[in-house]
Structure formats: structure tokens, C-alpha cells
Amino acid sequence: MPEADEVDDEEEMPLSLRLSIADTLTLGNATCGFMAVYFTTTGILIPDLTGSPATGMTRHSAATAVILMLCAAVFDLFDGLVARKLRSSPMGAELDNLSDLISFGLAPAYFVLVYGMVADDAHQRVAAVGAIVVLLAVVLRLARFSCVSVPNGMFQGMPSPFGALTVVSIVLLELPFVATLLAILGTAWLMVSRVEYPKPRGRLAVAMLSWIVVSMGLLAAWAFDAPSGQLLLQTGCALQLVMGAVIPLFATARRVNNFRDNRREARAAQLP
């Protein structure tokens, strides 16, 4: 019977060709990254190349591109949670790395490149070097993540979604070009460093999701030229940079405290 044949074919289908719910969320991550590149090109780069005057649409496109990167971070957060609760296909890890490369490697690097082309005080070729450094840092970080085992509950180096949002925040702060470039290079170094960052689980995941929602609101206020929208956006971007620098300090302090506790326990065990 045809229906029976279809069932048999489905059962014989290799497991690697089936997409789970987590994989679908991962593909949403990749889609958001690609659309961020699209809006950066059509709303920022092309109007600048054609000599169109700066309008509110440019600001809207920049905000939309960054909001899409934030949406990609949401997808990346939930695909891991869903994979742990339900299941993921055998190609889930590979899909996750490829999607992260698009959304948190290519999209922010391209954002930096376009910034170097349209900003008044920027140097295009130097900005291109900074964009390449960001892209390569994400490539190296994702490759190392697949090969190196780290302590449970910790990331080695700044996670690529957090790094991408930090890079974009640096650009949106509109600092002098040299300061912007140095901050971008510093973020790229943090992504490939051995500095530990906690994984977003439990309360930390809720806090991260809340921060993403707040960031979307700040971007929307800036895009629609709300009162004090520029100040709110710059405040949010500054907080993103502060968190990128402060979070690993807490992780380092915890490691130091654990080391001291272990030494005390070892000394107490040696006492008669």
C-alpha cells in the first residue's frame, strides 16, 4: 500500500537528515544573521554609495540590523535549551556553529566594515582589517569550542553572541575612530582568550533574555527618534561594554575563592 511504503521510507531515512525543533530554531538564527547583512547593505551602504542624503530610514535600517542580531541571539539561547529538554539531530552541533558564524561572525564584521565606509572620521582599509579580525576571532572561537572541553557551566572566552553584540555596541557609541577600533580589537581578543564566562542557564538565561528585550526597546526608541532616544541607546551600549568587562571578573573571583577553599580543606585534612 502507498501509505505503508511512505511510513517505511520515513523509518529508513537516516537520522542525520531529520531536523528537530532545536535545529529549526538554529536555522532561524542563521536567517536573522543573513537578514541583518541585508538591511545593513540596503539601508546603510547603498544609500551612502549612491549619495543619498542621510534620513531616518538609515537609522531604521541600522536598528533593524542590530535587532535581527539580537533575535539571532534569542534563537541561539533557546535552541540549546530545547536541545537539552527534548533532543537534537546528530547534525545539531554543526548547524549551530554554522549559524553562529553567520549571525555573530559575518553580520557584525560586515557591520564594522560598512561603518568604516560611511563614517566621516573612519578609515575604510583600517576598518576592513578590524572587520577581518572580528570574523577570524569568531571562526577560531567556534572551532576551539568544538574541540576543547571546558569546565561545566563555563565558556572559555567571550561567547560569540555576546561578542557580536559588544562589537555592534562599540560602533553605535560613535566614539572616535581610534577608540572604536581598539575596543573592537579588544573584544575580538576576549573571544579567543582563556577568560571564563558563565553559560546562560537558569537565572542567568532569564537575565540575558531580559537584557535582549530591553536592548530591542532602546534600539526602537532610537530608530523612531523618541525623546532622549540617542542617550538611551548610548547608555545601553555602554552597559553592554561594562558587562563584557565585569562578568569575567566575577568568574575569576569565584575561581580564586574556590581555590582558597580547596586549600583550606586540604590543610584541614592534613591536621592530626
Report yes if some heavy atom in the side chain of [X] is under 4.5 Å from a heavy atom in the side chain of [Y]; otherwise report no.
{"X": "Thr42", "Y": "Ser61", "value": "no"}
{"X": "Ile46", "Y": "Thr50", "value": "yes"}
{"X": "Glu196", "Y": "Gln156", "value": "no"}
{"X": "Ile44", "Y": "Asp48", "value": "no"}
{"X": "Phe155", "Y": "Phe162", "value": "no"}
{"X": "Leu142", "Y": "Ser160", "value": "yes"}
{"X": "Val195", "Y": "Met158", "value": "no"}
{"X": "Tyr197", "Y": "Leu190", "value": "yes"}

When you look at Leu135 and Leu101, which way does the side chain to side chain contact (heavy atoms under 4.5 Å, CB included) test go after all the steps?
CA-CA 8 Å; Leu135 179 62; Leu101 180 59; 4.2 Å; yes

Over all atoms of both residues, closest heavy-atom pair of [X] and [Y]:
{"X": "Ile102", "Y": "Ala30", "result": "CG2-O, 3.9 Å"}
{"X": "Ala137", "Y": "Ala188", "result": "CB-O, 3.6 Å"}
{"X": "Asp100", "Y": "Val138", "result": "O-CG1, 4.5 Å"}
{"X": "Ala36", "Y": "Leu68", "result": "N-CD1, 3.7 Å"}
{"X": "Ser169", "Y": "Leu241", "result": "CB-CD1, 3.9 Å"}
{"X": "Val82", "Y": "Ala22", "result": "CG1-N, 3.9 Å"}

Residue pairs passing the ring-ring contact (aromatic ring centres under 6.0 Å, His included) test where at least one lies in residues 100-121, sequence neighbours excluded
none

Following the transitive rule for hydrophobic clusters with a side-chain heavy-atom cut-off under 4.5 Å over Ile, Leu, Val, Met, Phe, Trp and Tyr, establish whether [X] and [Y] coincide in one cluster.
{"X": "Phe34", "Y": "Val114", "result": "no"}
{"X": "Met191", "Y": "Val139", "result": "yes"}
{"X": "Val134", "Y": "Leu172", "result": "yes"}
{"X": "Phe145", "Y": "Trp189", "result": "yes"}
{"X": "Val66", "Y": "Phe75", "result": "yes"}

Ignoring hydrogens and angles, write down the donor-acceptor pairs under 3.5 Å from the side chains of residues 116-125, residues two or more places apart or on other chains.
residue: Asp121; atom: OD2; partner: Phe177; partner atom: N; Å: 3.3

[atom1] of [X] to [atom2] of [Y]: how many Å apart, nearest 0.5 Å?
{"X": "Asp23", "Y": "Asp79", "atom1": "CG", "atom2": "CG", "result": "8.5 Å"}
{"X": "Ile67", "Y": "His60", "atom1": "CD1", "atom2": "NE2", "result": "10.0 Å"}
{"X": "Leu77", "Y": "Lys199", "atom1": "CG", "atom2": "NZ", "result": "13.0 Å"}
{"X": "Leu209", "Y": "Leu204", "atom1": "CG", "atom2": "CG", "result": "11.5 Å"}
{"X": "Leu45", "Y": "Leu113", "atom1": "CG", "atom2": "CG", "result": "8.0 Å"}
{"X": "Arg141", "Y": "Arg144", "atom1": "CZ", "atom2": "CZ", "result": "6.5 Å"}

Ignoring hydrogens and geometry, is there a side-chain-to-backbone donor-acceptor pair from [X] to [Y] under 3.5 Å?
{"X": "Arg194", "Y": "Gly157", "answer": "no"}
{"X": "Ser103", "Y": "Asn29", "answer": "yes"}
{"X": "Thr180", "Y": "Val171", "answer": "no"}

Considering only distance and modelled atom types, tabulate donor-acceptor pairs under 3.5 Å from the side chains of residues 212-227, sequence neighbours left out.
residue: Ser215; atom: OG; partner: Trp211; partner atom: O; Å: 2.9
residue: Trp222; atom: NE1; partner: Gln230; partner atom: OE1; Å: 2.7

